[in-house]
Engineer: 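I have a structure I would like to understand better, so I am pasting it below and will then ask my questions one at a time.
Please read all numbers here as calculations on a predicted model, not as lab measurements. Here is the naming used below: chain letters follow the sequence lines, and residue numbers restart at 1 for every chain.
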Number of protein chains: 2
Amino acid sequence: MEPIDVFKALSNETRLNILKWLKEPEKHFPKQGAHLPKGVSVKGGVCVGDIQEKAKASQSTVSQYLNMMQNAGLLESVRYGQWTYYRRNEETLSRLAEYFKTEI
Amino acid sequence: MEPIDVFKALSNETRLNILKWLKEPEKHFPKQGAHLPKGVSVKGGVCVGDIQEKAKASQSTVSQYLNMMQNAGLLESVRYGQWTYYRRNEETLSRLAEYFKTEI
DNA sequence: TTGACATATCGTGAAAGTTCGATATATAAT
DNA sequence: ATTATATATCGAACTTTCACGATATGTCAA
């Protein structure tokens, strides 16, 4: 977890919003998990298309945003079939909060 | 305090270091307050020249960095004669920590 | 195996950030 | 007034980021 990469990822309104939306996925993405097989759940995960729709940016842009946020450690992803589900990486996020409290 | 501006300001290693250095100014800037008149103290404040020396960047760059960090709310400044003392804006910083805890 | 769909990657022009030297401004000392 | 010093601002070359359309890859269904 490189703080600078995290801060860069958070320096963009759309990306910041995505992170916030994923805090309450069921609230911001009503049709969440629609493509998942029965019995499988990606808790807190939302597929790229749903995020794109809400973010109102192009597919490539959103895909790159998500990849960047994952590299920074803010998100993690799971693939089910043709769908990639992204969710918050709460472990990194709590380490980040700790970093903030002690180092900043 | 615009979170995005804060994150942009923190997206640079030198600026991030400046913020950290100013957490313990007496440790990182031994000759701190050398120019101040007796009886006056800018608690936690360090002048631009001292910061520049430690940051190893040009005078104009450091001046701009400090100005940017002040606009983002991370720093505040006081002028004494020809010296400008910058110190952390702890009020914004604690609001920022709170923002981090509740919104991120 | 072909077609349809979700996502990832590539290439690009425009916009913004970086960092500097030169110069301006403000204050202090002579 | 002139000079010296500290800081701020300007202008410019360079790099990075932004955001997109086009295209590639991967997966499922027919």
Side-chain angles (χ1 to χ4, degrees), chain A residues 2 4-18 22 29 31-38 40 42 45-72 74-87, chain B residues 2 4-18 22 29 31-38 40 42 45-72 74-87:
Chain A
E2 287 300 320
I4 299 255
D5 292 333
V6 171
F7 293 135
K8 280 183 185 168
L10 297 176
S11 294
N12 173 286
E13 190 148 25
T14 302
R15 289 192 297 263
L16 191 54
N17 280 332
I18 290 172
L22 289 177
F29 305 94
K31 49 182 175 180
Q32 182 209 2
H35 318 294
L36 290 172
K38 283 198 198 325
V40 175
V42 184
V46 178
C47 72
V48 180
D50 289 356
I51 298 173
Q52 184 204 340
E53 189 180 336
K54 182 145 180 105
K56 290 180 183 12
S58 77
Q59 187 271 321
S60 58
T61 296
V62 172
S63 180
Q64 282 184 131
Y65 279 4
L66 295 171
N67 179 58
M68 176 186 184
M69 294 171 79
Q70 178 166 31
N71 287 339
L74 293 170
L75 302 181
E76 58 191 3
S77 66
V78 193
R79 181 140 203 181
Y80 274 102
Q82 37 192 342
W83 289 274
T84 307
Y85 284 80
Y86 281 90
R87 66 181 161 207
Chain B
E2 288 300 321
I4 298 257
D5 291 334
V6 171
F7 293 134
K8 280 184 185 168
L10 297 176
S11 295
N12 174 287
E13 190 147 26
T14 301
R15 290 193 297 263
L16 191 55
N17 280 333
I18 290 172
L22 289 176
F29 305 95
K31 50 183 175 180
Q32 184 210 3
H35 318 294
L36 291 170
K38 283 198 198 328
V40 174
V42 185
V46 179
C47 71
V48 179
D50 289 356
I51 298 173
Q52 183 204 341
E53 188 180 336
K54 183 148 180 98
K56 291 181 181 14
S58 76
Q59 188 270 321
S60 57
T61 296
V62 173
S63 181
Q64 282 185 134
Y65 280 3
L66 295 171
N67 180 58
M68 176 185 184
M69 294 172 79
Q70 178 165 33
N71 287 339
L74 294 168
L75 302 181
E76 58 191 4
S77 66
V78 192
R79 181 141 202 177
Y80 275 101
Q82 38 191 341
W83 290 274
T84 307
Y85 284 80
Y86 282 90
R87 66 180 162 207

Engineer: Take the protein atom CZ of A:F7 and the nucleotide atom P of C:dG17, then report the distance between them rounded to whole Å.
Structural biologist: 17 Å
Engineer: What is the separation between atom CD on B:Q70 and atom C1' on D:dA8, rounded to the nearest whole Å?
Structural biologist: 12 Å
Engineer: So, using side chain to side chain donor-acceptor pair (under 3.5 Å) as the criterion, who are the partners of B:S77 when residues are at least two apart?
Structural biologist: B:Q70
Engineer: Hey, can you tell me if B:Y85 and B:Y80 have their rings parallel, tilted or perpendicular (30° and 60° cut-offs)?
Structural biologist: perpendicular
Engineer: Set out, line by line, the N/O atom pairs under 3.5 Å between protein and nucleotides 25-30 of chain C.
Structural biologist:
none

Engineer: Looking at B:A55 and B:T14, what are the two nearest heavy atoms and their distance?
Structural biologist: CB-CG2, 3.9 Å
Engineer: Starting at CD of A:Q52 and ending at P of C:dC5, how long is that distance when rounded to a whole Å?
Structural biologist: 15 Å
Engineer: List in numerical order all residues of residues 55-68 of chain B for which some heavy atom is under 4.0 Å away from an atom belonging to DNA chain C.
Structural biologist: B:A57, B:S58, B:S60, B:T61, B:Q64, B:Y65
Engineer: Specify the separation, in whole Å, of atom CG of A:N12 and atom P of C:dG17.
Structural biologist: 11 Å
Engineer: Round to a whole Å and report the spacing from OH of A:Y85 to C1' of D:dG26.
Structural biologist: 16 Å
Engineer: Please list, chain by chain and in numerical order, all residues satisfying side chain to side chain donor-acceptor pair (under 3.5 Å) with B:S63, sequence neighbours excluded.
Structural biologist: none
Engineer: Between atom CD1 in A:I4 and atom C1' in D:dT16, what is the gap in whole Å?
Structural biologist: 14 Å
Engineer: Could you pull out the closest heavy-atom pair between A:Q52 and A:Q59, with the gap in Å?
Structural biologist: NE2-N, 3.3 Å
Engineer: Give the nucleotide from the list D:dT7, C:dA8, C:dT18 with an atom nearest to the side chain of B:R15.
Structural biologist: C:dT18
Engineer: Considering heavy-atom distances to DNA chain D, does B:S77 or A:K8 have its closest nucleotide positioned more toward the 5' end?
Structural biologist: B:S77
Engineer: Taking side chain to side chain contact (heavy atoms under 4.5 Å, CB included) as the criterion, tell me which of A:N17, A:L75, A:L74 meets it with A:L22.
Structural biologist: A:L75
Engineer: I'd like to check B:I51 versus B:F29 (side-chain heavy atoms, cut-off strictly below 4.5 Å). Are they in contact?
Structural biologist: yes
Engineer: Quick one: side-chain contact (heavy atoms from CB on, under 4.5 Å) partners of B:T61, sequence neighbours excluded?
Structural biologist: B:A57, B:S58, B:Y65
Engineer: Nearest-Å distance, CD1 (A:I51) to C1' (C:dT7)?
Structural biologist: 12 Å
Engineer: Separation of A:L10 atom CG from D:dT17 atom P, in whole Å?
Structural biologist: 15 Å
Engineer: Enumerate the salt bridge (Lys or Arg N to Asp or Glu O under 4.0 Å) contacts for residues 51-69 of chain A, please, sequence neighbours excluded, ordered by first and then second residue.
Structural biologist: A:K31-A:E53
